[in-house]
Amino acid sequence: MSLPTLRWAVLGTGFISTQFVQDICEEKAAPKANHIISVIGVSTTAKGEKFANEYVVNGQAKPKILSYEEAITDKDVDIVYIGLPHTSHYEWTIKSLEAGKHVLCEKPLAVNRKQSLEMVELARSKKLFLMEAVWTRFFPIILELQKLIHEDKIIGDLNRMVCDFSIDMGLDKLGPESRVKNPKYAGGALLDIGVYTLTFWRLFLDDQFGRDTTKFEVKSFQTIENGIDVVSSAIIKHADGKSAICINSFLNNSPKEMVRIDGEKGTVYIGGDRRLLSEPSWYKIEFKPETGLAPIEKTVSKGAINGLIHEADACAKDIAEGKTESSICPLDETLLVMEVLDEIRAQNGLKFPEIKYE
Ligand SMILES: NC(=O)C1=CN([C@@H]2O[C@H](COP(=O)(O)OP(=O)(O)OC[C@H]3O[C@@H](n4cnc5c(N)ncnc54)[C@H](OP(=O)(O)O)[C@@H]3O)[C@@H](O)[C@H]2O)C=CC1
Ligand SMILES: O=C1OC[C@@H](O)[C@H](O)[C@H]1O
């Protein structure tokens, strides 16, 4: 069977666009799709040329270097990857969909649910593929853990989870234009890394998706400094009694065990070699003494890839099959997470300036 082919326009040449293009261009023993970097959309041509020369390698043809506007309308593009700051996601997703392109947009899909819903409704009305790039959902180790916990019920019925993704960002040393600290780019821990703790809550505490989720309520606190949250903590309590504590900080790093999921028979711990919850690389399952079961441990290595290829391959497969939405990262899940992000900000009075729909 021939591999699906996808021609990409990559918008932005920053950190994540680099990681994405590196993964696409990395030579693979058993590729799952043909990815072609057709266009790099950039703010300045010189930046684009440098980026293309450095990263669009290993037999890829030289991509066109175009403005964002030209990139999203280029005839040789099937899908636009949006690697821009949070506050640019809405504009460039809407414009790309209007131009008839599929879209893979970095997380969070937008700065709030209202923008996100508009993006989702436009994609659905145009029958185009749209996905928030929550790459972690596609990691083989995550899919394996979902099966162990929800299908095999390895720790039985679940009781609670604690999830902490924190990064000591060294905020004082970052310049004022840094997207993670500037409120005008919707900076702060919640929108940058809170998306992942909420993703782990969605992946592991609930076996339902999006609109069918178990009913829940949220109570939260944020420490706000200079217009952004440097610490966010939320407790999510499900109607059936299960609860999750989700913690994010820009002042300290994550603990070694970033996720702990307690069930009636034992506990699952999840960690990563870089203490980034976005990149889990090991798990450990300990059972209660009365089960008589021995602990299980597994560590995986990413090898030469950064880990973004899994979501790119999934896009190629879904689009080749005529799907407009991912079943692993569905839009209703994105909308639900956006709703909780809004709720946490509303409870703590965190508003970003210059943002439509606040
Ligand atoms: N999946 C993951 O693990 C990660 C995801 N992300 C997400 O990716 C997105 C981009 O983050 P990241 O790559 O770290 O950001 P960077 O600041 O490194 O890059 C952002 C790029 O956006 C372009 N840009 C357009 N307008 C602006 C503006 N006003 N200010 C700054 N840059 C602008 C620039 O590209 P140019 O000038 O070249 O056109 C810039 O290179 C965010 O949504 C973030 O949440 C980030 C890191 C990791
Ligand atoms: O998505 C992300 O994960 C890793 C962090 O370093 C980064 O700030 C964030 O955007």
Side-chain angles (χ1 to χ4, degrees), residues 1-42 47-66 71 74 76-84 101-107 129 131-145 167 195-196 199 271-283 298-321 326 328-329:
M1 218 172 63
S2 65
L3 293 178
T5 296
L6 215 43
R7 300 168 306 162
W8 295 85
V10 173
L11 301 197
T13 58
F15 172 78
I16 199 63
S17 294
T18 305
Q19 299 264 306
F20 185 76
V21 168
Q22 278 176 337
D23 265 18
I24 296 268
C25 297
E26 178 66 30
E27 277 172 1
K28 296 150 196 99
K32 294 196 173 132
N34 295 317
H35 297 285
I36 298 164
I37 310 283
S38 287
V39 176
I40 305 293
V42 276
K47 238 179 168 181
E49 295 286 355
K50 185 169 178 297
F51 180 88
N53 289 337
E54 217 165 316
Y55 302 113
V56 186
V57 293
N58 289 344
Q60 292 262 349
K62 189 173 160 35
K64 294 177 218 177
I65 310 299
L66 301 174
D74 189 86
D76 297 320
V77 169
D78 305 309
I79 183 164
V80 178
Y81 172 76
I82 299 180
L84 306 176
K101 307 299 185 190
H102 304 296
V103 175
L104 173 63
C105 177
E106 261 311 326
K107 36 63 53 181
F129 183 88
M131 193 177 95
E132 182 189 20
V134 190
W135 60 316
T136 315
R137 282 182 177 260
F138 297 85
F139 278 32
I141 192 173
I142 288 295
L143 299 172
E144 180 179 320
L145 274 163
I167 302 177
V195 173
Y196 294 105
T199 293
D273 50 7
R274 302 205 301 153
R275 295 203 184 186
L276 296 173
L277 188 59
S278 45
E279 303 173 25
S281 61
W282 60 260
Y283 66 79
K298 181 163 178 176
T299 300
V300 293
S301 155
K302 284 194 296 186
I305 56 156
N306 299 316
L308 292 126
I309 193 65
H310 303 301
E311 64 177 1
D313 284 344
C315 290
K317 183 167 180 290
D318 282 344
I319 290 168
E321 290 172 358
S326 165
I328 295 177
C329 188

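Predicted model, so just to flag it, every value in this text is computed and none were measured.
- The CD1 atom of I79 sits 6.0 Å away from atom CZ of F129, with the distance rounded to the nearest 0.5 Å.
- Under a 3.5 Å cut-off, the side chain of Q60 and the backbone N or O of C25 do not form any donor-acceptor pair.
- K47 is not listed as a side-chain neighbour of I65, based on a closest heavy-atom distance of 4.5 Å or more.
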Assess whether side-chain contact (heavy atoms from CB on, under 4.5 Å) is satisfied between Y196 and W135, documenting all intermediate values. CA-CA 10 Å; Y196 294 105; W135 60 316; 3.0 Å; yes
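- When all heavy atoms of V42 and G48 are compared, the pair lying nearest together is CG1-CA, 3.6 Å.
- Residue K302 qualifies as enclosed at atom NZ: its count of foreign heavy atoms under 6.0 Å is above 12.
- Residues D78 and I319 fail the side-chain proximity criterion, which asks for heavy atoms closer than 4.5 Å.
- When atom types are taken as modelled, the side chain of E311 and the backbone of R137 share no donor-acceptor pair closer than 3.5 angstrom.
- Annotation for A33 and A316: closest pair CB-CB, 3.6 Å, computed over non-hydrogen atoms.
- Counting all heavy atoms, side chain and backbone alike, A314 lies closest to F138 at CB-CE2, 3.4 Å.
- L277 and P280 make their closest contact through O-CD, 3.3 Å (heavy atoms, listed as atom of the first residue, atom of the second, distance).
- Rounding to the nearest 0.5 Å gives a distance of 10.0 Å between CD of Q22 and CD1 of I16.
- By the 4.5 Å heavy-atom criterion applied to side chains, E132 and V195 are counted as neighbours.
- Contact of the L104 side chain with the F20 side chain is registered, since non-hydrogen atoms from C-beta on lie closer than 4.5 Å.
- Separating the OG atom in S281 from the CG atom in D273 is a distance of 4.0 Å, to the nearest 0.5 Å.
- With contacts defined as side-chain heavy-atom distances shorter than 4.5 Å, the pair E49/K62 qualifies.
- K101 contributes a side-chain N or O that, together with a main-chain N or O of V77, makes up a donor-acceptor pair within less than 3.5 Å.
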Show the numbers, then the answer: is there a side-chain contact (heavy atoms from CB on, under 4.5 Å) between M131 and C315? CA-CA 8 Å; M131 193 177 95; C315 290; 4.1 Å; yes
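- Between the S38 side chain and the D76 main chain, a donor and an acceptor come within less than 3.5 Å of each other.
- To the nearest 0.5 Å, atoms CD1 (I142) and OH (Y283) are separated by 10.5 Å.
- Put simply, the side chain of K32 does not reach to within 4.5 Å of the side chain of I309, judged on heavy atoms.
- A donor-acceptor contact closer than 3.5 angstrom is absent between the side chains of H310 and D23.
- Without hydrogens or angle criteria, T136 side chain to S278 main chain gives a donor-acceptor distance under 3.5 Å.
- Taking the side chain as every heavy atom from C-beta outward, L143 and I328 approach each other to under 4.5 Å.
- A71 and L11 make their closest contact through CB-CD2, 3.8 Å (heavy atoms, listed as atom of the first residue, atom of the second, distance).
- For the pair V21 and F51, the minimum side-chain heavy-atom distance is below 4.5 Å.
- Counted within 6.0 Å of NZ on K50, heavy atoms from surrounding residues, nucleotides or ligands total 12 or fewer; the atom is thus considered open.
- Atom CD1 of I24 and atom CD1 of I305 lie 11.0 Å apart (nearest 0.5 Å).
- Between W8 and Y81, the two ring planes are perpendicular [angle over 60°; tilted spans 30° to 60°].
- The neighbour count for K28 NZ, taken as heavy atoms of other residues, nucleotides or ligands under 6.0 Å away, is above 12.
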